[in-house]
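Working notes for the structure below.
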Number of protein chains: 2
Amino acid sequence: MEAYQRLLEHNIKPSMQRIAIMKYLMTHSTHPSADVIYTELSPTMPTLSKTTVYNTLKLFAEQGAALMLTIDDKNVNFDGDTSLHAHFLCKSCGRIYDLPVPEASKSVEMYEVEGHRILEVHNYYKGICKECFEKRNID
Amino acid sequence: MEAYQRLLEHNIKPSMQRIAIMKYLMTHSTHPSADVIYTELSPTMPTLSKTTVYNTLKLFAEQGAALMLTIDDKNVNFDGDTSLHAHFLCKSCGRIYDLPVPEASKSVEMYEVEGHRILEVHNYYKGICKECFEKRNID
DNA sequence: GTGCTTGCAAATCGTTTGCAATAGC
DNA sequence: GCTATTGCAAACGATTTGCAAGCAC
């Protein structure tokens with residue numbers, strides 16, 4: 001699907017900046033931070049400002065067009081893939097990987113627990129990723 | 001159990017400050033931030049510094065004596081209860097509640113997935129808590 | 001007295017805010 | 001022209017760092 005279409009589907013009025021940021025999210029499954037997106041897009045969009053990147057990502061998250069991940073305490077990360085999946089943060093290299101949600105948890109759908117209305121479910125794992133482990137790249 | 005004992009069990013050399021912070025965590029299930037702990041302890045420990053609170057909490061987390069929660073993008077929160085449970089963040093009032101992990105997920109014990117070594121599992125829910133929902137206290 | 005712990009002040013850095021300039025209908 | 005969007009610079013605030021002083025064995 002195109003970035004432009006995706007914005008319309010989430011009731012987001014398209015603009016050059018919004019399309020560029022959505023396209024970046026759709027073509028990079030690296031769970032970038034706002035700063036990374038700004039740095040990457042900046043060369044080809046010299047007038048882009050960091051404020052716009054922050055505003056846009058916040059808007060995407062609010063409209064359900066992207067996920068806001070709080071797995072890393074250093075900064076917030078974004079994911080253009082809004083389907084059900086878990087995330088793994090490598091404590092050594094800082095990369096975030098996608099992981100499937102364990103089969104046993106898939107059936108669990110909760111919208112309310114102990115009176116609290118649940119709007120988002122986050123499944124985070126933290127540890128040492130395969131690459132760092134094999135390289136003994138542990139700090 | 002006493003805070004002092006708890007420190008020893010986690011190979012943490014006890015000190016006045018460390019005991020006070022551990023005691024605070026053990027008697028408050030409010031998932032405080034470093035700043036909250038500092039503000040609460042400060043009156044009775046006037047010489048306590050924020051740096052020490054940050055250092056101590058980091059040490060506790062490293063030694064497995066406390067959990068470091070990244071559920072809130074505003075700041076990191078700490079939990080003295082290291083047993084298996086989930087967390088719920090109210091997007092309206094910001095409070096963090098403990099929740100049981102769904103029965104179906106309890107059996108899932110993973111230490112390695114797709115080659116990545118898993119050291120921590122975090123189960124976060126976000127939404128509107130019972131109190132805020134009943135009060136229509138939604139922003 | 002050596003090494004760990006503490007505390008102050010300053011620095012860092014991700015993120016937000018205020019507000020003026022701009023673009024799109 | 002009116003409203004929403006963008007962008008710059010400044011502000012903010014949580015956390016970290018450098019380093020000197022204090023404590024414990």
Nearest whole Å is fine: how far is [N] [atom2] from [X] [atom1]?
X       : N      : atom1 : atom2 : value
A:Asn11 : D:dA4  : CG    : C1'   : 16 Å
B:Ile37 : D:dA14 : CD1   : P     : 14 Å
A:Gln63 : D:dA4  : CD    : C1'   : 14 Å
A:Leu48 : C:dA21 : CG    : C1'   : 16 Å
B:Asn55 : D:dT16 : CG    : P     : 9 Å
B:Lys50 : D:dG13 : NZ    : C1'   : 9 Å
A:Tyr38 : C:dC13 : OH    : P     : 16 Å
B:Leu57 : D:dT15 : CG    : C1'   : 12 Å

Parallel, tilted or perpendicular, as decided by the 30° and 60° cut-offs, for the rings of A:His87 and A:Tyr124: tilted
Just checking A:Ser33: base, sugar-phosphate only, or nothing, at a heavy-atom cut-off of under 4.0 Å? nothing
Check: B:Asn123 side chain, B:Val121 main-chain N or O, donor-acceptor pair, under 3.5 Å: no
Would one find a side-chain N or O of [X] under 4.0 angstrom from OP1 or OP2 of [N]?
X       : N      : answer
A:Thr51 : D:dG7  : no
A:Ser15 : C:dG24 : no
A:Tyr54 : C:dT16 : no
A:Gln17 : C:dA23 : no

Taking the nucleotide of DNA chain C with the nearest heavy atom to each, does B:Lys74 or B:Thr52 sit closer to the 5' end? B:Thr52
Consider side-chain contact (heavy atoms from CB on, under 4.5 Å). Of A:Phe78, A:Tyr38, A:Phe60, which one does A:Ile21 pass it with? A:Phe60
Looking only at heavy atoms, the pair that brings B:Val53 and B:Ala34 closest together is CG1-O, 3.5 Å
C:dC8, C:dG14, D:dT5: which one has an atom nearest the side-chain heavy atoms of B:Ser49? C:dC8
With respect to the side chain of B:Thr56, which nucleotide from D:dG7, C:dT15, C:dT6 is positioned closest? C:dT6
Kindly state whether the ring of B:His116 and the ring of A:Tyr97 have centres lying under 6.0 angstrom apart. yes
